[in-house]
Amino acid sequence: MSLFESPKALGVEPERINCETGTLGIPEFGTKFVRQMLIDTKPKTFSDLLRISGLSHGTDVWVNNAADLIADGTITLKDTISTRDSIMSYLITKGVPNKTSFKIMEKVRKGKGLEEEDMAVMKEHGVPQWYIDSCLKIKYMFPKAHAAAYVMMAFRIAYFKINYPLAYYASYFTVRACDDFDYSCMCLGEETARQAAKNIYQLGNGATAKEKNKLTVLEIVIEFYARGFEFYPIDLYKSDSKKFIIHENGLIPPFNSLQGLGITAAQGIVDGRAEIEEFKTVEEFKEKTGVGKTLIELLKENNVLKGIP
């Protein structure tokens, strides 16, 4: 079983993370829209994933088209018109002349539909009516080479998510979630993260773009906890300015994971501590790092300066 089928591949039950796949945070397959496609199509092979990538990037290719054909049992995933190249290849196998197959592909992938003579030659060579109807609905189609490149990238990242989880999460939170990570609701335990996610869910369509982005990160934070990992407190002497650091069974968050503490101030702390073994007083900390009063209060509130008089 792969994580494209179930989060059980990660050692997590679907109910624990409120997600029926293990693809949270996987490029191309982590959005709610594509996760639902995975549930509907149940991919088993790399070529299935490639088809899903093509379907998800096209316009009027999946919704009100292939999705309905699969749902009513007319076709299966392997029969779908998923990428522009598949049209030409399919028509050639049906005996349609190469040049004609290419011209039909070009019309369909640009959303120009089919002319009477196109449909006539397709019927003449045994192309089923559902296929012709599907072509008529399409407005744009994704190239197969692009879909293959995207799926190869996703597959590599999925490998690390399964086999090197802490390296995966450290990279994700550092690179992808840097603007939306919030130490105060994400690093204080699973229940705190769940409550924060619940609060955003309850906003429904009233949630801002910032809150929706935060929810995406919270979903992965909850998965992180569900896999048995933990966030350690921000450490004045170990935390990086912006990178999550792997430590024992979890991650040490960076200084900029505190909302309101920017990268300049975070780097100032890292540079300032390099000059001494430890800070004797808060006043010395302020002098060495250049951090202002407001940010010092933020650090105190989050116990980063705990024990320093």
Side-chain angles (χ1 to χ4, degrees), residues 4 21 23 26-155 157-158 205 209 212-213 216:
F4 295 96
T21 74
T23 58
I26 300 296
E28 303 301 310
F29 296 95
T31 65
K32 190 174 183 179
F33 174 68
V34 182
R35 294 200 316 259
Q36 187 59 52
M37 290 179 68
L38 292 171
I39 295 167
D40 293 341
T41 58
K42 299 176 176 57
K44 299 294 183 184
T45 64
F46 184 89
S47 59
D48 285 343
L49 296 177
L50 195 152
R51 290 185 183 96
I52 290 172
S53 180
L55 290 166
S56 67
H57 284 90
T59 304
D60 291 346
V61 179
W62 174 251
V63 178
N64 298 322
N65 198 338
D68 296 338
L69 291 169
I70 291 175
D72 63 23
T74 302
I75 62 173
T76 60
L77 177 60
K78 68 180 180 62
D79 303 312
T80 57
I81 306 173
S82 55
T83 59
R84 61 180 69 168
D85 316 58
S86 64
I87 297 174
M88 183 176 72
S89 299
Y90 173 77
L91 293 178
I92 289 174
T93 62
K94 297 295 281 187
V96 178
N98 292 2
K99 190 173 182 180
T100 304
S101 298
F102 175 78
K103 287 182 176 179
I104 290 174
M105 175 193 72
E106 285 295 285
K107 290 177 184 177
V108 174
R109 66 106 171 172
K110 294 176 181 177
K112 294 182 178 180
L114 298 169
E115 296 178 12
E116 289 298 330
E117 56 264 34
D118 298 324
M119 290 185 277
V121 74
M122 291 168 79
K123 289 177 181 178
E124 182 184 330
H125 288 84
V127 176
Q129 188 60 46
W130 70 261
Y131 194 97
I132 296 172
D133 293 338
S134 185
C135 286
L136 291 169
K137 294 178 181 178
I138 291 169
K139 297 294 185 295
Y140 167 76
M141 294 214 76
F142 207 53
K144 189 173 184 178
H146 287 192
Y150 285 6
V151 176
M152 286 172 67
M153 172 185 65
F155 210 79
I157 294 175
N205 293 331
K212 291 176 182 177
N213 291 339
T216 298

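Just so you know, these numbers use all the heavy atoms, side chains as well, and skip hydrogens, waters and symmetry mates.
For the pair L114 and I132, the minimum side-chain heavy-atom distance is below 4.5 Å. I138 places none of its side-chain heavy atoms less than 4.5 Å from the side chain of T59. L55 places a side-chain heavy atom less than 4.5 Å from the side chain of T80.
A side-chain donor-acceptor contact under 3.5 Å links T76 and D79.
The number of heavy atoms from other shown groups lying within 6.0 Å of CZ (F102) does not exceed 12. In M153, the CE atom is crowded: over 12 heavy atoms of neighbouring residues, nucleotides or ligands sit closer than 6.0 Å.
Atom CE of residue M88 and atom CD1 of residue I104 lie 11.5 Å apart, to the nearest 0.5 angstrom. Summarising the geometry, atom CG belonging to L49 is positioned 11.5 Å from atom CD belonging to E28; distances are rounded to the nearest 0.5 Å. If you take OG1 on T21 and CD1 on I26, they are separated by 9.0 Å, rounding to the nearest 0.5 Å. Put simply, CD on E117 and OG1 on T100 are 10.0 Å apart, with the number rounded to the nearest 0.5 Å. Atoms OG and NZ, from S101 and K94 in turn, are 12.0 Å apart once rounded to the nearest 0.5 Å. Expressed to the nearest 0.5 Å, how far NZ of K123 lies from OH of Y131 amounts to 15.5 Å.
Closest approach of A147 to G54, counting heavy atoms only: CB-N, 4.2 Å. Heavy-atom minimum distance, L69 versus W130: CD1-CE3, 3.7 Å. In this structure, M37 and T41 approach most closely via the heavy-atom pair O-OG1, 2.7 Å. Closest heavy-atom contact between T45 and S47: OG1-OG, 2.9 Å. G113 approaches K107 most closely through the heavy-atom pair O-CB, 3.4 Å. Shown here for F46 and A148, the closest heavy-atom pair between the two residues is CZ-O, 4.4 Å.
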request  = Just do the side chain to side chain contact (heavy atoms under 4.5 Å, CB included) check on I52 and L77 with the steps written out, would you?
outcome  = CA-CA 8 Å; I52 290 172; L77 177 60; 4.2 Å; yes

Step-by-step side chain to side chain contact (heavy atoms under 4.5 Å, CB included) determination, C135 to I81 = CA-CA 8 Å; C135 286; I81 306 173; 3.8 Å; yes

query = Yes or no on side chain to side chain contact (heavy atoms under 4.5 Å, CB included) for V63 and F33, after CA distance, side-chain angles and deciding distance?
reply = CA-CA 10 Å; V63 178; F33 174 68; 3.9 Å; yes

ask   = Given the rule in the side chain to side chain contact (heavy atoms under 4.5 Å, CB included) test, do K212 and T216 qualify, once you have shown the distances and angles that lead to the verdict?
value = CA-CA 6 Å; K212 291 176 182 177; T216 298; 5.9 Å; no

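Checking side-chain atoms of R35 against main-chain N and O of G30 turns up a donor-acceptor pair under 3.5 Å. For T23 (side chain) and F29 (main-chain N/O), a donor-acceptor pair under 3.5 Å exists by modelled atom type. When atom types are taken as modelled, the side chain of R84 and the backbone of M141 share a donor-acceptor pair closer than 3.5 angstrom. A distance-only check finds a donor-acceptor pair linking the side chain of H125 to the backbone of G95 [under 3.5 Å].
Applying the salt bridge (charged side-chain N to carboxylate O under 4.0 Å, His left out) test to pairs two or more places apart or on separate chains, those with a residue in residues 125-152 are D60-K139.
The aromatic rings of F142 and Y150 sit tilted relative to each other, their planes meeting at an angle between 30° and 60°.
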